[in-house]
Structures are given as structure tokens and as C-alpha cells.
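Notes for the one structure printed next.
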Amino acid sequence: MLPFVSFKIKQIDIMIVTRFPPSPTGDLHIGGARTALYSWLYARQNNGKFILRIEDTDLERNSQKSIDAILDGMNWLGLDYDEGPIFQTDRFDRYKEVIQQLLDEGKAYRCDCSPEELDAVREQQRANKEKPKYNGKCRHRTDVPVEGSVVRFKNPLEGDVVIHDLVKGDIVINNRELDDLILARPNGVPTYNLTVVVDDMDMGMTHVIRGDDHINNTPRQINLFEALGAKLPAFAHVPMILGDDGKRLSKRHGAVGVMQYRDDGFIPQALLNYLLRLGWSHEDQEIFSREEMINLFKIEDVNVAPSTFNTKKLIWVNEQYIQTLPAEEIATHLQWHLDDQNLDTSNGPAITDVIDAHRERAKTLKELAHNIRYYYEDFEEFDANATKKHFKTATPGILQNLLDKFSAVENWNTESIDAVIKNTCEELELGMGKVGPALRVAVTGVAMSPSLDVTLNLIGKERTLERMEKAVEFATAKYAD
Ligand code: GLU
């Protein structure tokens with residue numbers, strides 16, 4: 001009988017539910033992306049549910065552009081959600097219903113204190129060296145008109161609220177510290193603290209993982225959950241990300257929306273990897289596959305101290321990904337940059353071969369796309385610095401010698417190309433340093449490329465010969481005696 005009983009118990013295990021609820025008042029920024037990642041990982045590692053909720057109750061500051069940036073960012077990062085996007089503006093009736101319920105049950109009240117009155121109260125409290133907060137004047141009034149009044153929560157007056165925070169440990173706040181927070185504005189629009197609790201309750205949230213800039217809201221929200229008879233979620237408050245000056249990361253530090261990282265040439269998995277490590281570690285491992293992230297991440301092990309954003313480290317992580325991901329996968333991410341830089345790769349070598357030849361030399365996909373143009377398009381001019389450095393009076397002769405030999409090659413491959421270069425060096429009694437760089441500039445237009453045999457093989461015989469002819473002409477006109 002016993003094994004059957006334990007099987008039954010397993011069946012009723014509650015489903016883990018987490019969420020990411022950005023307010024669409026700007027881009028999806030790095031800090032938001034990191035909390036989204038942590039919430040997503042927690043849901044995925046527990047076979048739970050991850051919900052995307054758009055907290056768009058601030059009608060004046062919302063924008064469709066920002067909603068799009070959030071959806072694009074989540075999509076680009078591969079943070080897929082099981083429900084959503086759920087828009088809070090679609091749930092106003094529900095919030096009204098809950099506010100009415102709290103009023104009916106005497107857990108909330110209407111307040112029509114004017115801003116001047118509230119200011120005066122706070123002024124007085126400050127003068128008495130007390131913490132400024134609402135004095136509860138309307139708590140027991142029954143004659144407050146609906147028109148023009150706010151709805152306030154009747155926060156308990158006594159006792160402690162304890163947050164069992166998964167990152168920060170237990171935090172105790174006395175109810176005397178807490179205000180009777182406003183649940184609805186005079187125009188009836190519900191406030192963040194009300195909507196977030198109603199949603200987390202209705203959506204069966206088991207874990208609220210968010211930035212610790214919200215920690216002051218949490219005891220108020222806990223009281224509200226309790227007033228509604230709802231099951232409390234577990235809380236995990238993640239420390240902020242700081243800029244290198246120790247201040248909270250912001251636009252001033254050049255911090256930008258997540259999609260800018262795509263534009264700058266980062267691989268989404270590399271950005272996720274960097275964000276994961278920013279504030280969490282597993283031994284001294286730096287690179288984590290998606291599966292490893294899901295299996296190894298522990299919310300309890302997130303650092304209590306804030307972390308500092310380090311662009312150099314992010315670039316290093318990106319480089320590791322460029323060097324090691326399968327070329328096919330890089331190609332899918334590279335496509336956006338090829339389109340952006342107007343480079344059509346249909347007329348040239350397989351992009352995966354070019355990626356393999358170039359991946360060691362690029363820190364970003366943007367750079368990679370920029371570096372590979374000469375495989376697909378002829379260049380108008382040789383790079384001036386490159387010719388200045390590598391074209392000499394002897395160059396036309398050397399290039400012509402190579403050109404004659406290349407023309408005779410029947411099987412164009414790295415070995416035959418290598419053999420031609422070696423033969424020319426021997427024949428002209430020149431070191432590789434006198435031949436290679438000039439050949440590279442002649443065929444690629446620039447001074448840097450992978451090894452010559454690989455580069456020329458990818459460029460192909462026909463294009464190589466054409467370009468060398470042009471180079472001989474150019475060098476003859478400019479450098480020959
Ligand atoms: N909309 C809030 C924000 O963007 C969500 C806070 C929360 O996770 O409860 O900061």
C-alpha cells in the first residue's frame with residue numbers, strides 16, 4: 001500500500017509558477033532581463049509555468065514601442081513563456097471587484113484627505129521626528145464620498161511582517177512602519193501594489209523573483225495577500241546591477257535595451273550566460289549551456305551583494321560562444337547582421353565554412369559580418385594603410401609570379417594554394433614575410449585574414465585571379481620603378 005500512497009502524494013505536488021511582469025515604460029533593460037532569466041530558469045528547472053505579464057496600468061507612461069521591445073527582447077533571448085502576454089489593462093474589472101470586496105469586508109476604506117492636509121500631517125510628523133505616514137484619519141469614517149476619493153488598505157496596526165526571502169534571508173518589518181497604502185486612485189485606476197497582488201493570487205504564483213528595488217513593497221503586499229485570504233508566494237529579491245562607478249546601472253553608463261545587444265553583435269545565449277553569472281556562480285565555471293543553466297542554477301545561491309556590470313567580460317563571454325558554437329547556429333544569428341550590412345552570401349562560399357575560418361578573429365557577430373565581405377563582393381579599393389605597408393617596388397613581380405602559377409592550378413584547394421606560395425618563395429628566394437602579406441592585400445583588399453591557403457580557397461580560383469590581376473596593375477602603376 002505504501003508506495004501507492006507516496007505516488008499519490010507526488011501527484012498533488014503543486015506546480016511552480018513564476019512570472020516576469022515588466023511595466024512597458026521603456027526598453028527591456030539588462031536588469032529586467034536578468035530577473036526574467038532567473039524566474040524563467042526557476043520555472044524550467046521545476047517543470048513549472050512561466051508567465052509574462054505586462055503591467056500597463058500607467059496609461060500615461062505606457063507605449064506600444066516599449067511593449068514591442070519587451071516582446072522582441074524575450075523572443076530574442078529565447079525566454080519562452082507558458083502564458084501571456086497578459087495585459088493588466090484587460091483585468092480592470094477584476095481589480096475593481098477585489099477593491100469592492102475589500103471595502104465590503106471593512107479591509108479597505110475611502111479617503112478624501114486633500115494633498116495639503118496630507119502634507120501638513122507629514123510635516124508635523126517630521127517635526128516630531130516620527131516616520132511620515134498617513135495618520136489614518138479616514139479609517140473609520142463612513143461618510144467619505146466615492147467621487148474624488150482614493151481607496152486605502154487598512155494595514156494591520158500591530159505585529160510584524162516577516163519576509164522569508166530566498167536570497168536575503170528573513171526580513172522583519174513592524175506594521176507600525178507601514179502606511180495604509182492606496183489601492184485605487186480618485187479616478188478608480190488601481191495601483192501597482194493592488195494589481196500585482198491580485199494577479200499573483202489569481203495566477204497561482206508560487207515564487208515572486210524580482211529586483212530588490214521592490215523590497216519595500218513586499219511587506220505591504222504580504223498584508224494584502226493575507227487580507228485576501230490568498231496563499232503567499234515565496235519571495236526572492238535579487239540585488240541591483242551597478243555600473244562601474246558603483247551607482248545603479250542606467251542609461252548614463254551606456255546601459256541600453258536588450259535589443260541593442262543584438263544590434264551590437266552579441267549572441268543571445270552569451271548575453272544570458274553573462275547575466276546568469278552576474279550575481280550567481282557555480283564553482284569556477286564560466287560557460288553554461290542552456291541545459292546546464294536550468295540544471296545548476298539555484299536561486300538561494302544568488303549573491304546578496306549587488307553586482308557590477310562589466311562590458312569587457314560580456315565581450316569575452318561572447319567570444320567564447322563565437323569560437324565554440326556550431327557554425328550553423330552562428331549562421332542563424334549572423335543572418336540579421338548580414339541583412340543589416342547588406343551582404344548577400346548566396347554568391348560565394350558556404351557561410352558555415354567562412355564562419356569556421358573567421359570565428360577566432362571576431363569578438364562580435366557585427367565584426368564577423370563586417371570581416372567577411374570580400375568572400376562575396378569585390379572591393380573597389382585596396383585598404384590604403386595595407387598597401388602602404390605591404391606593397392613595395394618588387395610587389396608587381398612577386399604577384400605576377402604567383403598569378404602565373406595559380407592560373408595553372410587545376411585542383412583549387414588549400415594544399416595546391418600552399419604549394420604555389422612555397423614554390424614562389426623558393427624560386428624568388430624570398431621569405432614568406434615578403435610574399436604573404438602582399439598576396440593577402442591583393443586578394444582581400446585588407447591586411448588581416450585567416451591563413452592564406454584557407455582564405456584563397458574560400459574566395460575561389462576565379463575571384464583570386466581577377467583580383468590579383470587588378471593588384472598587379474595597381475602596384476605597377478603606383479610602386480614599380
Ligand atoms: N511592474 C513592476 C516592475 O516593472 C514589477 C515588479 C514586480 O515584479 O512585482 O518593476
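Order of listing sets the numbers, starting from 1, for every ligand and every atom in it.
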Determine the interplanar angle of the Phe379 and Phe382 rings, folded into 0 to 90°, and report it as parallel if under 30°, tilted if 30 to 60°, perpendicular if over 60°.
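Answer is perpendicular, since the angle exceeds 60°.
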
Is the distance from the ring center of [X] to that of [Y] below 6.0 Å?
X	Y	result
Phe92	Phe87	no
Phe20	Phe50	no
Tyr261	His29	no

Any nitrogen or oxygen of Pro21 lying under 3.5 Å from a nitrogen or oxygen in ligand 1? Just yes or no.
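N/O-N/O distance under 3.5 Å: yes.
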
What is the nearest protein non-hydrogen atom to atom 10 (O) of ligand 1, stated with its residue, atom name and distance?
His214 NE2, 2.7 Å

Protein contact of atom 1 (N) of ligand 1 - nearest heavy atom, named by residue and atom, plus distance
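Atom 1 (N) of ligand 1 sits closest to the protein heavy atom Glu55 OE1, 2.6 Å.
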
Run the contact test for Phe20 against ligand 1 with a 4.0 Å cut-off on heavy atoms, strictly below, and give the result.
no

Which of these passes salt bridge (Lys or Arg N to Asp or Glu O under 4.0 Å) with Asp180: Arg152, Lys154, Arg139?
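Among Arg152, Lys154, Arg139, the one that satisfies the salt bridge (Lys or Arg N to Asp or Glu O under 4.0 Å) with Asp180 is Arg139.
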
Only heavy atoms of [X], strictly under 4.0 Å: list the atoms of ligand 1 that pass.
X	value
Arg210	7 (C), 8 (O), 9 (O)
Val196	9 (O)
Arg19	7 (C), 8 (O), 9 (O)

Decide yes or no for Ile222 and Ile163: does some side-chain heavy atom of the first lie under 4.5 Å from some side-chain heavy atom of the second?
yes

